[in-house]
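Since we're looking at a predicted model, the values are computed, not measured. Sequence lines set the chain letters: A, B, ... in the order given, protein chains first and strands last, and positions in each chain run from 1.
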Amino acid sequence: MLVLSVLAVGPAYGYGIGRSLDARSDGAFTLGPARLYPLLARLEKQGLVTTSWEEVRAEGRDEDSPGRRRKWYTLSPKGRRRLAHQIAAHRRYTALIDAIIPPIDPAQEGATA
Amino acid sequence: MSTRPATRPGAVRPSARDPVERWLDVFIPMTGLPRSRAEEIRAELEDHLRARVADLMITGVTETEAVQRAVGELGETAALARGFRTALKPRRHIVIHTALITTAGLAVAFGVYSANRPAGSIPQAASVEIGPGSDRAPHDSNLRRFDLAIFSEAGAALEGSVEAHSITRAIESLVTREVWENHGGESTLSIVGNTLFVRANEQTQQGVSWMLASLRQDLDARREARAAAAAVTMRERERAITLLSAEMDERLKEIAELEARLNEITIEMHETRAIEIRSSGSIAGSPERIEYEARVARHRQLQSEASRWRIMLDDANAYRDAARRQLIELKHEPFVLAQREIERAAREQNLIRRANPTSSGVRIIDPGKD
């Protein structure tokens, strides 16, 4: 859901997705490359994302030397539906929990009373 | 004094391929994925590593350290390769289930054919020969046994398994359906261990034999395809090992050369030191002093190069070990998979028993004196 959420903002490449997750969660969610890339491969296989390639020229490299290839991921319509479904499920879950837990910490309430 | 030239360009130089490429050369064959897919993963990981190295270098880290850290962040090489394999390879199914589905269509045709012709009227040429792996009980011409060992994985008994359940159900549903006991007829069948006993007339026996032969053909084809795929993966792994071993040899040669040069330099330093002691009156700016200082600087430079090469040697060792582990794991994979199949079958068998406690799907008959 988190990776699909990053892609909901716009197309991104693997390293950028990792950094975006890290930045948007203030470092709370760090999805290492060892988990991120197999996950992206699975999302692609499931048709939740589409991919395209871009030629990137490395900084400081010879102008004539060939650049490297960068793989961009874009959320597919199926991925968008899946994300909407996951977000709805997440909202239901948090609403359920919110309905059970007290609105504020009872201990804190006692302290301020 | 040594006769070594002052400079030896190219004597100690990194391999033509940089560490990122070398790591990818080792990693990609470990994924065991088709070439086109593997090339895409290679390009993507190369982009990741180079972007990460560039980011780390901005923070003041040297390129060598940055590469080491970026590669380290990818985690254990074999585990990452497994991650891609799991994400991209199709799931394995119980082979026999697929074979049963394929055969079921053919069996329906046979059942229809059998049901629509008068008993005992099969022309000899069209009859199905009951092949090897089956024989008739001496005391009862209608009782026959069929060897099903071929359908069991890794020597596990078929009796009570999901496969046994599927085979008996398929035969009872598809081969002259009305003759079986649970469809109101008198014929019975049961699987004991890896043997199928069938009590039925000749015509039905032929139907059972034909069905088992069809299942077996399908199973053989699937097993061959699986073995061929495993052989390709194995060759890829072996290629990775060969590649690494060659690189290791090259590294060892370079290290030996480097150490030899260090020895030469050390000797030169001692000689220079002796000259310096002898000419202790002319310390600053004397030609001896200048030469000595140049030698010391060169010695330090070479020491630093030597330690860099040792680090790279350690890396190469680590890559080679990872590939070796992967190779060992792959060689054991058939056994591991067979074990998993057995465990899975046992779990499914429990589910069947729980769902239908009065019948395990297999009825035991007394095969008499056979």
Exercise. Relative to chain A, which segment of B:I41 carries a heavy atom at a distance below 4.5 Å: side chain, backbone, both, or neither?
Worked result: neither
For this session: Sort A:Q46 into side chain, backbone, both or neither according to what part of it lies under 4.5 angstrom from a heavy atom of chain B.
Result: neither
Seminar exercise, completed: Between the CG atom in A:L31 and the CG atom in A:D22, the distance rounded to the nearest 0.5 Å is 10.0 Å
For this session: Counting only heavy atoms closer than 4.5 Å, note whether B:R52 contacts chain A via side chain, backbone, both or neither.
Result: both
Problem set entry | Shortest non-hydrogen contact from A:S5 toward A:R24 | O-NH1, 4.0 Å
Problem set entry | Selection from B:A51, B:A43, B:G83 maximising heavy-atom pairs under 4.5 Å formed with chain A | B:A51
Exercise. Applying the side chain to side chain contact (heavy atoms under 4.5 Å, CB included) test to A:V49, which of A:L7, A:L40, A:T74, A:V3 qualifies?
Worked result: A:L7
For this session: Looking only at non-hydrogen atoms, find the nearest pair between B:T86 and B:R82 and report the distance.
Result: OG1-O, 2.7 Å
For this session: Considering only heavy atoms and a distance below 4.5 Å, find which of A:R42, A:R70, A:E44, A:R69 pairs most often with chain B.
Result: A:R70
Exercise. A:Y13 vs A:Y15 aromatic rings, parallel, tilted or perpendicular, using cut-offs 30° and 60°?
Worked result: tilted
Exercise. So which part of A:R19 gets closer than 4.5 Å to some heavy atom of chain B, the side chain, the backbone, both or neither?
Worked result: side chain
